[in-house]
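Accompanying notes for the structure given below.
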Amino acid sequence: MFPKYDVIVVGAGHAGCEAAVAAANMGSKVLLATMNMNTIAQMSCNPAMGGVAKGQIVREVDALGGYSGIVADHSMVQFRMLNMSKGPAMWSPRTQNDRMMFAAKWRMMLESHPNIDFWQETIPGLLIKDGRCHGVMTGLGLEIESKTVILTNGTFLNGIIHIGEKQFGGGRAGEKSATGITEQLISLGFEAGRMKTGTPPRVDGRTLDYSKMEVQKGDEKIQRFSFTDTPLPSSQLPCYITYTSTDVHESLKEGFDKSPMFNGRIQGVGPRYCPSIEDKINRFSDKDRHQLFVEPEGWNTCEIYVNGFSSSLPEDVQYKALRQVPGFESMKMFRPGYAIEYDYFPPTQLDVNLETKLIKNLFFAGQINGTTGYEEAAAQGLIAGINAHLKITEKEPFVLKRSQAYIGVLIDDLVNKGTIEPYRMFTSRAEYRILLRQDNADIRLTHLAKSIGMHHLEKRMDSVLNKQSGIAQIIKYFEDTSITPDQINDFLLSVGSSVTKQSQKAISLVTRPDFGIVQMRSHLPNLDQFLSAWDEDTVLCAETEMKYAGYIRKEQETVDKMERLESVKLSDKFDYQNLKSLSFEAREKLTKIRPRTIGQASRISGVSPSDISILLVHVGR
């Protein structure tokens, strides 16, 4: 009935979709298995992509040949570049999206791929023989053979939904949970845990009074996630901001005795940086209000997502409290918020290519690894899909370094440090964030993806080379062009910058914080005409390279020093237990994680600098 596939992907959320297209675009024959074909690429929580650090990840996924950025652009209803008041390393793109358009575009792109087949059914088990995974078992008892399997089960593994004192099995509202895989993996020696996440109520936008809220419009200049020429909307939908109050908090507290969070029914650990509204009230009792973002679900629906009001309190408590929020006095609710508990597998059980250490040819990606967020899931799915294909073709794994991408930071953190709470990416997690900006993701990564066999990136590489050439030429222009005081001083005074008393190279002016290249265009000889040869993204990228050249150079020097440790390989058969000069904790952690390099070993929690020195001596360095 079925051919033998190269890759079977279990689960069609953000991780599963990216895993499927990554492997398929490299030439693998892929089967995407899902419990419901109608919920492929569903935005289970908020209808948005990107945000702080997450926006950088989406651009990196796009630069590596993934589809999340393209789909986000096609379904965009609002664009904002966050953190513009800070330096470019912190700028983070974010889109508000049409939930239905997002899923429809993803499904269309998947179905149009000749290397992807689909199967709608639960997958309760894996086919394992001699420590290798060679396919899946379906709920109907069918055995489907494959060379590799990628698990991207999201919140479905033994999922339990909580609303007040009510609880029922489910991986998402209206969908049943998945059973069998956790139990099988535990029997094979895997360690599993429980995590918790939640979602807010959805309400009827026709019943809200937006005049009582602050409007939050999109940026005047709409930008893209994708480095391709995706279409941009001709208009944008506004979001709104409102606030809870002490009255809202008192109403919510009435349900605390029935809260599954506070009475012990929820055992899983929830997300630290996206807590439920009852958790916020409990943890931040000194605050008399909390911000709520009122977000539209799409162009052609009145459904509203109440961002910031995630809750598992009884539905009547949620309803009463929400009606006390300004603008929500006549609110009608479509469905209440809920919490969901699900199984995950601590990611220290994975190698850096996201293959499990216990079972060969089996890969994990997404929330099964303890992460939270569409973007983190998509990034893992992409890397797992690439590496599943490379495993089949007996090629070296594709591993991004911390200095190359936020995706590299994400996977390195998971594999080496693990996580006991839902992991979320932040710019602060990346020690080389000046190098890992959202504007240069294509320059950093597209050539790497093409070099490993992403053949659909040929045109992308032409654009990258043109961008690199443009940046170099723009920088050279500013390095070579001299400018006199009479040419520039009037402009400097107009922007509140100190005047110059002698001629100087134009690049010395670019480094000033008061203005940028755009403001200088009419004051430097032929600059406006010269810059017209390149798009705005190239010009701004060149400006960033000039303004922050000293910081970039210093960060690159740090990277180069760390590269020396990354170049020192460690055998996967290294016997750490016999190296008694190592600390007991280091021996334990190194034996469990089995790092590939000294650099990776240095980032494992519990491995000290003195332990690294001992390892260096032992390997002859």
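Every heavy atom of this structure was used, including side-chain atoms; hydrogens, water molecules and symmetry mates were not.
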Main-chain N/O of [Y] paired with [X] side-chain donor or acceptor, under 3.5 Å:
X    : Y    : result
N158 : Y342 : no
Q519 : G516 : yes
D98  : W299 : yes
S276 : D279 : yes
R424 : G373 : no
E18  : A15  : no
Q324 : S245 : no
Q216 : P238 : no
D343 : R194 : no
T122 : P124 : no

Going by atom types only, do [X] and [Y] share a side-chain donor-acceptor pair under 3.5 Å?
X    : Y    : value
T228 : S226 : yes
Q96  : E295 : yes
E278 : S312 : yes
E214 : T242 : no
T155 : Q367 : no
N369 : Q380 : yes
S75  : N97  : yes

So which heavy atom on [X] is nearest to which on [Y], and how close?
X    : Y    : answer
K54  : T372 : NZ-O, 3.7 Å
A173 : I161 : N-CD1, 3.9 Å
L410 : A379 : CD2-CB, 4.1 Å
G218 : R80  : CA-CG, 3.9 Å
R402 : L436 : O-CD1, 3.4 Å
D439 : T544 : OD2-OG1, 4.1 Å

Should R206 and D204 count as an ion pair when the cut-off is N to O under 4.0 Å?
yes
Salt bridge (charged side-chain N to carboxylate O under 4.0 Å, His left out) partner of E315, the single match among K258, K166, R335
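The single option meeting the salt bridge (charged side-chain N to carboxylate O under 4.0 Å, His left out) with E315 is K166.
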Option passing salt bridge (charged side-chain N to carboxylate O under 4.0 Å, His left out) with K320 (candidates E250, E329, E254)
E254
Nearest 0.5 Å please: distance from the [atom1] atom of [X] over to the [atom2] atom of [Y].
X    : Y    : atom1 : atom2 : answer
L232 : M76  : CG    : CE    : 5.5 Å
T244 : I277 : OG1   : CD1   : 5.0 Å
I116 : M109 : CD1   : CE    : 10.0 Å
F293 : Y240 : CZ    : OH    : 15.0 Å
F363 : I368 : CZ    : CD1   : 13.5 Å
C541 : N440 : SG    : CG    : 5.5 Å

Decide side chain to side chain donor-acceptor pair (under 3.5 Å) for Q56 and S92; before the verdict, give the C-alpha distance in whole Å, the side-chain angles of both, and the deciding distance to 0.1 Å.
CA-CA 6 Å; Q56 283 87 329; S92 303; 3.1 Å; yes
Tell me whether [X] at atom [atom1] has more than 12 heavy atoms from other residues, nucleotides or ligands lying less than 6.0 Å away.
X    : atom1 : result
N300 : CG    : no
R283 : CZ    : yes
I420 : CD1   : no
K280 : NZ    : yes

Validation row, ring centre F102 to ring centre H14 under 6.0 Å
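Aromatic pair counts; centres sit under 6.0 Å.
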Just checking F364 against F345, ring centres under 6.0 Å apart?
yes
Close side-chain approach of H162 to Y338, heavy-atom, < 4.5 Å:
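Of all side-chain heavy-atom pairs linking Y338 with H162, none is under 4.5 Å.
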Taking the side chain as every heavy atom from C-beta outward, state whether D413 and Y423 have any pair of such atoms under 4.5 Å apart.
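Yes; the side chains approach each other to less than 4.5 Å.
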Which is it for R224 and D62 under the salt bridge (charged side-chain N to carboxylate O under 4.0 Å, His left out) test, yes or no, and what are the steps along the way?
CA-CA 11 Å; R224 296 177 172 87; D62 182 78; over 6 Å; no
Audit row: C17, W106, side chain to side chain contact (heavy atoms under 4.5 Å, CB included) steps and yes/no:
CA-CA 8 Å; C17 290; W106 247 121; 3.6 Å; yes
Hey, which of R433, R59, R429 is the one that makes side chain to side chain contact (heavy atoms under 4.5 Å, CB included) with Y406?
R433
Decide yes or no on side chain to side chain contact (heavy atoms under 4.5 Å, CB included) for T152 and V9, but give the supporting numbers first.
CA-CA 7 Å; T152 67; V9 179; 4.0 Å; yes
Is there a side chain to side chain contact (heavy atoms under 4.5 Å, CB included) between L110 and F118? Walk through the geometry before answering.
CA-CA 9 Å; L110 288 164; F118 302 86; 3.8 Å; yes
E191 and Q349: CA distance, side-chain angles, deciding distance, side chain to side chain contact (heavy atoms under 4.5 Å, CB included) verdict:
CA-CA 8 Å; E191 174 192 350; Q349 299 171 100; 3.6 Å; yes
Geometric cation-pi criterion R202 and F334, 6.0 Å radius, 45° cone:
no
